[in-house]
Undergrad: 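One structure is given below, represented as structure tokens, and several questions about it will come after.
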Amino acid sequence: METVWTDLLCIGAGLAGERVAIEVSTAGFQSICLSIVPPRRSHSSAAQGGMQASLGNCCMGEADCPDTHFQDTVKGSDWGCDQEVARLFVETAPEAVREMAFWGIPWNRIVPGKSVYFKGGKPYEKTESEENEGLITARGFGGTAKWRACYTSDGTGHTLLYTMDNKVVELGVTVHDRTEAISLIHDGETCIGAVARCLKTGRLRAYLARATLIATGGYGKIYRESTNAVINEGGGALIALDTEIVPIGNPEAVQFHPTGIVPTNILVTEGCRGDGGTLLDVNEERFMHEYEPEKAELASRDVVSRWMIHHIRRGLGVKSDHGDHLWLDIRHLGAEHIKTKLREVEEICNNFLGVDPITQLIPVRPAQHYSMGGVRTDKDGAAYGLKGLFAAGEAACWDLHGFNRLGGNSLAETVVAGKIVGKKIVAFLQGSESKYDTALIKGAVIKNQERIDGMISGRAGHENVFEIRNAMQDVLMERVGIFRNGKDLQKAVDSLQGLHEKSRRVGLRSNGRGANPELSLALKIQGMVRLALCVAYAALKRTESRGCHAREDFEARNDRDWLNRTLATWREGSDLPTLNYEAASKVVELAPGDRGYGVCKIISCDGEIIGA
Amino acid sequence: MGRELTFHIFRYDPEDPDSIPHTDIFIMEEKENMTLFIALTQIREEQDPSLQFDFCCRAGICGSCAMVINGRPGLACKTLTRELPKEITLMPLPVFKLIADLSVDTGAWFRAMNEKVGSWIHTSKKFDPSAREERMDNALAEEIYELERCVECGCCVAACGTANMREDFVGAVAMNRIARFMMDPRDERTEDEYFEVIGTDEGIFGCMGLLACEDVCPKNIPLQDQLGILRRKMGWNTVKHLFRFGSS
Ligand SMILES: Cc1cc2nc3c(=O)[nH]c(=O)nc-3n(C[C@H](O)[C@H](O)[C@H](O)COP(=O)(O)OP(=O)(O)OC[C@H]3O[C@@H](n4cnc5c(N)ncnc54)[C@H](O)[C@@H]3O)c2cc1C
Ligand code: SF4
Ligand code: SF4
Ligand code: FES
């Protein structure tokens with residue numbers, strides 16, 4: 001068996017993983033990043049719209065500051081976030097954007113003079129000052145008081161990831177791509193690395209590290225309709241669950257993005273609405289301003305998605321073979337704007353829909369988009385439960401997003417958390433020594449080899465792994481979606497428990513040799529179903545509505561009983577997760593109140609009922 | 001009823017001692033708006049779960065899924081089956097090392113390419129966290145972004161006659177990358193330094209200018225223009241070097 005030693009093992013080479021590796025390497029420690037795909041293909045590359053930071057350069061962002069960014073973020077989270085982390089985040093974001101500029105991002109810049117912008121389909125005029133010419137500009141995004149999302153056309157994630165990986169190449173950081181971590185090595189107290197499977201040869205490898213970071217991104221692919229990449233299957237979350245110790249924070253907090261295209265669920269960015277695009281119904285009429293007079297199309301994502309489904313349920317959706325949908329209209333932004341600021345959107349529409357967005361409407365419907373939940377960490381990025389284990393990026397529940405993430409805050413989180421957690425890992429490495437228990441390592445590898453052999457020989461059974469995966473995705477999609485209720489959630493839990501049973505008996509139909517893709521999925525399926533159960537069961541137990549978690553049978557946000565965070569762990573032999581709870585935020589800078597958009601129905605901390 | 005599609009797919013897994021290179025045939029019914037991503041995923045799930053290929057974003061953004069589709073390199077996820085005849089032949093990209101079936105090792109190739117061209121901002125300055133960002137003209141930022149849109153899919157390399165003949169040829173993608181940094185005022189490299197990287201037969205002088213690269217680029221990167229600019233610049237640089245050599 002091949003064994004590799006390093007100071008830091010980064011599981012994941014997206015923006016978060018690479019930013020941490022850069023910090024740690026710069027401090028003189030060795031880091032190795034693992035990734036399922038070549039690093040530049042990580043899903044960060046698909047982010048389009050922008051990265052939030054309160055630079056306050058452009059005229060629509062004038063007087064912006066970390067305080068305003070903080071308020072937007074806490075309100076967006078529906079007070080589910082950790083306010084200390086949100087504060088740390090907003091204070092660091094401007095520096096993070098500037099550092100990325102220094103490393104080479106071609107951020108769009110301020111052009112002085114008058115120009116037209118659109119809001120609610122109507123043109124308005126704005127004037128950029130001469131004085132700010134050439135500084136980094138920003139666009140509007142949902143749920144924000146100011147234009148704050150810095151961007152490069154609509155390829156922001158792409159330029160960020162390429163620039164980040166350029167830095168990785170410059171520093172000579174080692175990346176083992178096509179290598180998938182399949183379990184953590186730990187003794188119940190300390191994590192000392194991971195067992196990984198090489199996706200070129202199929203062979204197992206042990207990575208031993210003084211610090212291990214989970215930066216595996218989101219897990220949208222436990223849902224059928226998701227904007228996420230096909231590799232976003234929750235590899236990091238499920239190896240954490242597998243420890244029986246490390247909890248997943250707020251698994252029930254799942255964001256649906258208003259504008260996935262129908263049918264493929266490929267995202268078109270929130271920047272479309274930020275730049276003035278509108279949502280239309282079957283009569284080609286706007287409707288969001290009727291529900292949200294103040295923010296209209298630019299309320300937060302949870303709110304817009306709910307109103308869209310509500311509007312469709314009222315019979316005002318557009319009928320199609322792929323189910324009802326609504327329209328996104330960006331025609332009025334004009335060819336020049338679309339061809340320079342919304343290029344990917346244009347390409348996606350042309351290619352996948354045969355639609356020209358300059359002259360035609362885009363069919364859209366909410367699709368699963370972001371996992372606010374993830375490996376629960378403290379504010380230093382250290383995972384609960386195991387020493388030497390850290391997490392950052394979408395895979396983590398660091399928790400600045402609470403129950404709803406604002407657009408543009410995730411790219412910013414990856415870079416900011418990468419900087420902060422990276423520094424904390426450096427401090428940890430300076431004070432740690434390596435102690436490796438060879439029996440423990442051998443045991444971990446043998447256990448995984450046995451799992452593989454069992455699946456190949458059919459010893460465990462002959463359940464079809466694709467069928468289990470598809471059934472799981474359908475259950476979540478149909479019963480744990482945008483609107484939830486006790487009856488459906490209970491049914492979801494029941495069905496998932498059946499699938500969990502089946503997942504113990506998976507057998508391969510192919511020979512499992514080399515980098516066999518059926519085996520890759522088979523190794524994850526049980527963990528994926530467990531993760532799905534965490535989502536469904538935590539949603540069932542949370543008898544209130546908060547951010548993206550909307551219960552039809554408990555419509556109020558209940559700050560008296562539920563101003564807290566779910567912590568889900570899994571005990572081996574069990575068929576349900578164990579749920580514990582902790583206060584949402586130890587430090588409360590901004591007391592719970594009205595978000596200013598969405599339905600305001602609150603049971604306050606002292607039990608007062610507001611807006612019923 | 002959709003058309004009946006017949007897929008001829010190259011199969012070989014070097015990791016499997018029983019595997020020999022051959023073609024497998026799969027038949028399936030075409031559906032509305034079917035892409036090669038949808039078709040191949042369905043083949044894997046319903047007909048042969050060992051079939052290897054690479055998809056990630058399935059939206060034409062990440063560059064994972066390049067393969068040779070009826071003789072032409074392209075991104076499989078954004079190729080609609082209705083644009084193809086009903087006989088579809090899929091081969092892995094040439095030039096890159098085969099992993100298995102339709103999957104090739106672009107990761108190692110591009111990492112080496114990025115190291116070779118020094119694909120990062122070379123600067124003697126230090127980042128000052130307390131300072132405002134340096135200014136840049138928006139038009140220049142957009143020009144840089146235009147070249148930065150490359151997704152490292154490898155189509156241009158696979159289609160290139162020179163790259164297929166000589167292993168050390170850097171390819172249009174590398175020259176585009178150099179052009180991107182030459183345009184960027186933050187990069188302090190001189191023309192001579194760039195010349196050292198691509199002013200050779202492995203670089204711009206190995207290029208035969210037939211522009212298969214630009215034809216197949218799924219991101220429509222203006223490779224022809226960039227190659228032309230480099231050829232002129234590097235050509236002058238050669239002359240300069242000859243002159244200096246002659247006069248010393
Ligand atoms: C279509 C789309 C558009 C978006 N647009 C925006 C936007 O405009 N603004 C914004 O702020 N946010 C946006 N987001 C969200 C944001 O892009 C992501 O949350 C963020 O990029 C995640 O970065 P990451 O580094 O955490 O994970 P990723 O970039 O997803 O990287 C995960 C890494 O982990 C690796 N990995 C996974 N599992 C394993 C394993 N088991 N072993 C080894 N490696 C593994 C992967 O190979 C990859 O390298 C968007 C998201 C999507 C889906
Ligand atoms: S123009 Fe040059 S780089 Fe492009 S395909 Fe021809 S030889 Fe290759
Ligand atoms: S230049 Fe075009 S074809 Fe070549 S790697 Fe980049 S995107 Fe692909
Ligand atoms: S899968 Fe990303 S480009 Fe095709």
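All figures in this text were calculated on a predicted structure; none of them were measured in a lab.
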Undergrad: Given that the side chain runs from C-beta out, which part of A/Val168 has a heavy atom under 4.5 Å from chain B: side chain, backbone, both or neither?
TA: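 It is both, since atoms from each part get that close.
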
Undergrad: Is it the case that the side chains of A/Glu347 and B/Asn220 hold a donor-acceptor pair, with the cut-off being a distance below 3.5 Å and no angle test?
TA: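 Distance-only check fails for B/Asn220 and A/Glu347.
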
Undergrad: Return the minimal non-hydrogen interatomic distance between A/Asn265 and B/Arg58, and the atom names on each side.
TA: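 Shortest heavy-atom contact: O-NH2, 3.6 Å.
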
Undergrad: Please look at A/Asn232 and chain B and tell me whether the side chain, the backbone, both or neither of the residue comes under 4.5 angstrom of a heavy atom of that chain.
TA: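 For A/Asn232, neither part sits under 4.5 Å from chain B.
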
Undergrad: Please flag which part of A/Thr264 lies under 4.5 Å from any non-hydrogen atom of chain B: side chain, backbone, both or neither.
TA: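 Looking at A/Thr264, just its backbone touches chain B.
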
Undergrad: Relative to chain B, which segment of A/Glu99 carries a heavy atom at a distance below 4.5 Å: side chain, backbone, both, or neither?
TA: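 Both backbone and side chain of A/Glu99 come within 4.5 Å of chain B.
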
Undergrad: Give, as side chain, backbone, both or neither, the part of A/Thr92 having an atom under 4.5 angstrom from any heavy atom of chain B.
TA: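 No part of A/Thr92 comes within 4.5 Å of chain B.
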
Undergrad: Looking at chain A, which one of B/Glu46, B/Lys126, B/Glu32, B/His122 has the largest number of heavy-atom pairs inside 4.5 Å, strictly under?
TA: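 So the answer, after comparing B/Glu46, B/Lys126, B/Glu32, B/His122, is B/Lys126.
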
Undergrad: Using non-hydrogen atoms only, which part of A/Leu199 is less than 4.5 Å away from chain B: side chain, backbone, both, or neither?
TA: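 For A/Leu199, backbone heavy atoms alone lie under 4.5 Å from chain B.
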
Undergrad: Taking atom CZ of A/Phe102 and atom CD of B/Glu134, what is their separation to the nearest 0.5 Å?
TA: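 It is 7.5 Å, given to the nearest 0.5 Å.
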
Undergrad: Name the option with the most non-hydrogen atom pairs under 4.5 Å to chain A; the candidates are B/Ala141, B/Cys56, B/Ser50.
TA: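 The candidate making the most pairs under 4.5 Å is B/Cys56.
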
Undergrad: Could I get the full list of side-chain hydrogen bond (donor to acceptor under 3.5 Å, both in side chains) partners for A/Lys423, not counting sequence neighbours?
TA: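 Here no residue qualifies.
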
Undergrad: Under 4.5 Å from any heavy atom of chain B, what part of A/Val111 do you find: side chain, backbone, both or neither?
TA: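 Side chain of A/Val111 only, per the 4.5 Å heavy-atom cut-off to chain B.
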
Undergrad: Are any of the side-chain nitrogens in B/Lys31 or A/Asp321 under 4.0 Å away from the carboxylate oxygens of its partner?
TA: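 Salt bridge absent between B/Lys31 and A/Asp321.
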
Undergrad: Heavy-atom pairs under 4.5 Å with chain B are the metric here; pick the option from A/Asp177, A/Thr201, A/Asn57 that has the most.
TA: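 Most heavy-atom pairs under 4.5 Å with chain B: A/Thr201.
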
Undergrad: Decide side chain to side chain donor-acceptor pair (under 3.5 Å) for A/Ser153 and B/Arg149; before the verdict, give the C-alpha distance in whole Å, the side-chain angles of both, and the deciding distance to 0.1 Å.
TA: CA-CA 10 Å; A/Ser153 183; B/Arg149 288 178 76 241; over 6 Å; no

Undergrad: What I'd like to find out is whether the side chain of A/Thr163 reaches to under 4.5 Å of the side chain of B/Glu148, using heavy atoms alone.
TA: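 With C-beta onward as the side chain, the pair touches.
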
Undergrad: If we define contacts as heavy-atom pairs under 4.5 Å, which of A/Glu518, A/Arg203, A/His158 has the most with chain B?
TA: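 Going by pairs under 4.5 Å, I would pick A/His158.
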
Undergrad: Contact part of A/Leu508 toward chain B, heavy-atom cut-off under 4.5 Å: side chain, backbone, both or neither?
TA: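 For A/Leu508, there is no contact with chain B at all, as no heavy atom is under 4.5 Å.
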
Undergrad: Identify which part of A/Glu467 has an atom lying under 4.5 Å from any heavy atom of chain B, answering side chain, backbone, both or neither.
TA: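 For A/Glu467, there is no contact with chain B at all, as no heavy atom is under 4.5 Å.
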
Undergrad: Testing the basics here: between A/Gly514 and B/Glu15, what is the closest heavy-atom pair and its distance to 0.1 Å?
TA: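 Closest approach of A/Gly514 to B/Glu15, heavy atoms only: CA-CB, 3.9 Å.
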
Undergrad: Would you please name every residue forming a side chain to side chain contact (heavy atoms under 4.5 Å, CB included) with B/Thr79, sequence neighbours left out?
TA: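 Only B/Leu36, B/Ile69, B/Leu84 meet the side chain to side chain contact (heavy atoms under 4.5 Å, CB included) criterion with B/Thr79.
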
Undergrad: Which heavy atom of B/Glu133 sits nearest to which heavy atom of A/Ile136, and what is that distance?
TA: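 Between these two residues, the closest heavy atoms are OE2-N, 3.0 Å.
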
Undergrad: Please look at A/Val175 and chain B and tell me whether the side chain, the backbone, both or neither of the residue comes under 4.5 angstrom of a heavy atom of that chain.
TA: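 Contact with chain B: backbone and side chain both.
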
Undergrad: Using 4.0 Å as the upper bound for N to carboxylate O, is an ion pair formed by B/Asp13 and A/Arg513?
TA: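 Between B/Asp13 and A/Arg513 there is no salt bridge, as every charged N stays at least 4.0 Å from the carboxylate O atoms.
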
Undergrad: Looking at A/Arg343 and B/Glu142, is there a salt bridge between them, counting it only when a charged N and a carboxylate O are closer than 4.0 Å?
TA: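 Looking at B/Glu142 and A/Arg343, the cut-off is not met.
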
Undergrad: If we define contacts as heavy-atom pairs under 4.5 Å, which of B/Leu80, B/Asn33, B/Asp54, B/Ile144 has the most with chain A?
TA: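 Sorted descending by pairs with chain A, the first entry is B/Asp54.
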
